[in-house]
Amino acid sequence: MPDEYRTVAGAGVHETEVNRSRFLCALAPAATEQEAQDFIATVRKQHTDASHNCWAYVIGADASVQKASDDGEPGGTAGVPMLQMLLRRDMRYVVAVVTRYFGGVKLGAGGLIRAYGGAVGEALDSLGTRTRRRYRLATVTVDHQRAGKLENDLRTGGRDVRDVRYGEAVTIEIALPDADVQAFRSWLADATAGTAGFEEGGEAYGDA
């Protein structure tokens, strides 16, 4: 698993014009390949009168799923440059659809490649991206007497507190950068006079 990746901040559309052709790039986050395909289908329905609805998506923190379509444009002039732009920007869990309304001027293969790749790049700049970083999930168990101050110290210290559960003891779920785990263990022991339990869990991604 990579330490971090980037994805789009949210769904949106950015429009550019090249030699009288309109290029509308719709971007959206997509957690699964099915979500990406559903988004493509939705954009197609919105623009049934368009000349082309070309698309590309990258799923997986390690970019394990990569697909693209030229949707009738000359082979390799639309979907592939869109996909390459997403990968060049380290984008993951993202789908892009570029809708083209032909303006009467042929762009040629090089012009199409620049237009489709450029539409995605401009949309990413306009709509914004966010970085997701890999974290280690961990469980802290502490007695009720110390729990309130500990939780407050965690939050004011900028720690990612995911959940707090009250039972016989108080269980606090947190997420830590892997590099911080050992230092956090030492801090926790000092903060609770060695009374808190600490158990490492799996990994997850969260906003950096």
Side-chain angles (χ1 to χ4, degrees), residues 1-134 203-208:
M1 293 172 70
D3 286 337
E4 63 181 41
Y5 65 85
R6 296 167 72 195
T7 191
V8 287
V13 180
H14 179 75
E15 181 174 342
T16 57
E17 186 174 315
V18 181
N19 286 351
R20 297 206 298 269
S21 277
R22 292 172 61 212
F23 291 85
L24 288 79
C25 180
L27 290 173
T32 64
E33 191 170 4
Q34 186 61 55
E35 278 188 25
Q37 291 170 352
D38 289 347
F39 180 76
I40 293 164
T42 298
V43 175
R44 281 182 182 280
K45 286 179 184 174
Q46 292 170 348
H47 299 283
T48 55
D49 57 336
S51 309
H52 307 277
N53 286 289
C54 306
W55 53 263
Y57 56 78
V58 182
I59 307 297
D62 56 354
S64 56
V65 178
Q66 305 175 19
K67 291 191 179 174
S69 167
D70 297 313
D71 192 38
E73 291 282 31
T77 63
V80 169
M82 290 170 62
L83 180 62
Q84 288 174 338
M85 180 60 72
L86 293 175
L87 294 171
R88 195 177 306 145
R89 297 288 192 92
D90 292 325
M91 300 300 294
R92 304 289 187 266
Y93 294 107
V94 62
V95 55
V97 184
V98 175
T99 299
R100 182 189 184 191
Y101 286 92
F102 183 57
V105 179
K106 291 189 175 180
L107 302 181
L112 288 171
I113 289 169
R114 286 190 296 274
Y116 278 100
V120 173
E122 285 189 30
L124 290 171
D125 291 338
S126 174
L127 299 173
T129 63
R130 60 190 177 123
T131 300
R132 304 275 287 170
R133 189 165 290 151
R134 184 162 56 96
E203 294 178 329
Y205 284 92
D207 288 337

### Message
Can a donor-acceptor pair be found, under 3.5 Å and without considering hydrogens, that links the side chain of H52 to the backbone of D71?
### Response
yes
### Query
Got L107 and R100 here, is their nearest side-chain heavy-atom distance under 4.5 Å?
yes
### Message
Could you measure the distance from the CD atom of E4 to the CZ atom of R134? Nearest 0.5 Å is fine.
### Response
10.5 Å
### Query
Less than 4.5 Å apart, any side-chain heavy atom of Y57 and any of L86?
no
### Query
So which heavy atom on C25 is nearest to which on A123, and how close?
SG-CB, 3.6 Å
### Message
Just so I know, are the side chains of T32 and I59 near enough to count as touching, which here means a heavy-atom distance under 4.5 Å?
### Response
no
### Task
Kindly give the heavy-atom pair with the smallest separation between L127 and V13, and that separation in Å.
CD1-N, 3.9 Å
### Message
Any side-chain to backbone donor/acceptor pair from S51 onto F102? Under 3.5 Å, distance only.
### Response
yes
### Donor-acceptor under 3.5 Å (N53 side chain, T99 main chain)
no
### Task
May I ask you to test the V58-M91 pair for a side-chain heavy-atom distance under 4.5 Å?
no
### Query
Looking only at heavy atoms, what is the nearest atom pair of D70 and G76, with distance?
OD2-N, 2.8 Å
### Task
Output the distance between atom CG (L24) and atom CD (E17), rounded to the nearest 0.5 Å.
10.5 Å
### Task
For R92 and Y5, indicate whether the former's side chain and the latter's backbone hold a donor-acceptor pair under 3.5 Å.
no
### Query
Could you walk me through whether V120 and R89 pass the side-chain contact (heavy atoms from CB on, under 4.5 Å) check?
CA-CA 10 Å; V120 173; R89 297 288 192 92; over 6 Å; no
### Query
Between P29 and Y93, is any pair of side-chain heavy atoms under 4.5 Å apart?
no
### Spacing of M82 atom CE and L87 atom CG [to the nearest 0.5 Å]
12.0 Å
#### Entry: Validation row: Y101, H47 side chains within 4.5 angstrom (heavy atoms)
yes
### Task
Could you tell me how the ring of F23 sits relative to the ring of Y116: parallel (under 30°), tilted (30 to 60°) or perpendicular (over 60°)?
perpendicular
### Task
State whether the side chain of R20 and the backbone N or O of V105 hold a donor-acceptor pair below 3.5 Å, judged by distance alone.
no
### Over 12 non-hydrogen atoms of neighbours within 6.0 angstrom of CZ in R44
yes
### Message
Quick check for you: to the nearest 0.5 Å, what is the distance between L124 atom CG and T7 atom OG1?
### Response
9.5 Å
